[in-house]
Amino acid sequence: MISVRALEKSYQDLKVLRGVDFEVARGSIFALLGSNGAGKTTVVRILSTLLTADAGSAGVNGFDVATQAARVRESISLTGQFAAVDEILTGRENLALVARLRHLKDPGKIADDLLERFSLTDAGGRRVATYSGGMRRRLDIAMSLIGDPPVIFLDEPTTGLDPEARIEVWQAVRELAARGTTVLLTTQYLDEAEQLADRIAILHEGRIIVNGTLTELKQLLPPAKVEYVEKQPTLEDVFLTLVGKDKR
Ligand SMILES: Nc1ncnc2c1ncn2[C@@H]1O[C@H](COP(=O)(O)OP(=O)(O)OP(=O)(O)O)[C@@H](O)[C@H]1O
Ligand SMILES: [Mg+2]
């Protein structure tokens with residue numbers, strides 16, 4: 001569904017992508033992992049036709065991002081690193097607005113269905129300015145699903161969210177993939193990739209240095225030495241137990 005070959009991109013003297021290659025299978029969740037400044041957003045911007053590459057090629061849904069940009073744009077939606085919701089409108093109005101911009105029939109019903117799917121029905125009539133970070137993120141993802149694009153890009157979907165809100169977003173992403181949507185997400189959280197992704201690629205110094213399933217990545221290191229230790233709960237376990245939500 002997504003295919004990237006020998007992609008290169010520089011900003012002035014800064015070589016950010018130095019030959020990036022990967023493929024994403026239809027209906028799967030692919031995580032692009034990398035530190036701050038690794039070039040994750042740059043890859044996403046090239047794949048979503050917002051930026052042109054200096055060299056190499058990329059295809060989305062069978063269309064070339066450079067020569068068939070309009071067809072690519074019809075196939076995708078992008079949830080950027082920073083939420084793109086309108087603060088002054090209500091959640092329902094934000095959704096209905098996007099549905100109208102996409103020339104869809106019955107924007108009100110589309111909005112109500114998505115509010116329900118993302119557990120925002122009660123908040124739907126309130127201005128987004130009053131939403132928590134997790135609610136904004138969920139609304140942002142809901143907005144990007146309008147029109148049922150086969151491919152969705154999520155650039156750091158859970159950065160800045162608390163553990164509960166992250167789990168809600170993860171659940172929404174899993175449901176998307178279960179419905180057949182192909183998801184490419186970027187993250188700097190290892191546990192997020194571990195929880196969600198069918199395949200994980202690590203972008204480092206301009207190249208993909210590893211790409212595989214979690215099991216494959218774990219096999220890259222020698223088998224763990226058996227040690228007998230008391231298993232201590234992580235702070236996340238404690239937090240989630242106290243606030244009343246288990247990890248899965
Ligand atoms: N328009 C631009 N002009 C100049 N440099 C840029 C531009 N956009 C990005 N860069 C630089 O390119 C590098 C990669 O940026 P990019 O945003 O792709 O990284 P990222 O992996 O998404 O990082 P983060 O995790 O912080 O979001 C960074 O060093 C950044 O400063
Ligand atoms: Mg980024």
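Indexing begins at 1, ligand by ligand and atom by atom, following the structure's order.
Sorted by chain then number, the residues whose non-hydrogen atoms approach ligand 1 to under 4.0 Å are Tyr11, Leu14, Val16, Ser35, Asn36, Gly37, Ala38, Gly39, Lys40, Thr41, Thr42, Gln81, Glu156, Gln188.
A salt bridge links Asp54 to Lys9: at least one charged side-chain nitrogen sits closer than 4.0 Å to a carboxylate oxygen. Using a 4.0 Å cut-off between charged side-chain N and carboxylate O, Glu194 and Lys218 make a salt bridge. A salt bridge is absent between Glu87 and Arg127; no separation between the charged side-chain nitrogens and carboxylate oxygens falls under 4.0 Å. A salt bridge does not link Glu205 with Arg18: every distance from a Lys NZ or Arg NE/NH1/NH2 to an Asp or Glu carboxylate oxygen is 4.0 Å or more.
How far CG of Leu185 is from OG1 of Thr79: 11.0 Å, rounded to the nearest 0.5 Å. Going from atom OG1 of Thr181 over to atom CG of Leu176 covers 5.0 Å, rounded to the nearest 0.5 Å.
Ordered by chain and number, Thr41 OG1, Gln81 OE1 make up the set of protein N, O or S atoms under 2.8 Å of the Mg ion (ligand 2).
Under the ring pair (Phe, Tyr, Trp, His ring centres under 6.0 Å) criterion, the residue pairs touching residues 21-50 are Phe22-Phe30, with sequence neighbours excluded.
Evaluation of the salt bridge (charged side-chain N to carboxylate O under 4.0 Å, His left out) rule for Arg100 yields no partner, not counting sequence neighbours.
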Notebook entry, point to check: Run the salt bridge (Lys or Arg N to Asp or Glu O under 4.0 Å) check on Lys109 and Asp112 step by step: do they pass?
Noted result: CA-CA 5 Å; Lys109 179 170 180 342; Asp112 289 334; over 6 Å; no

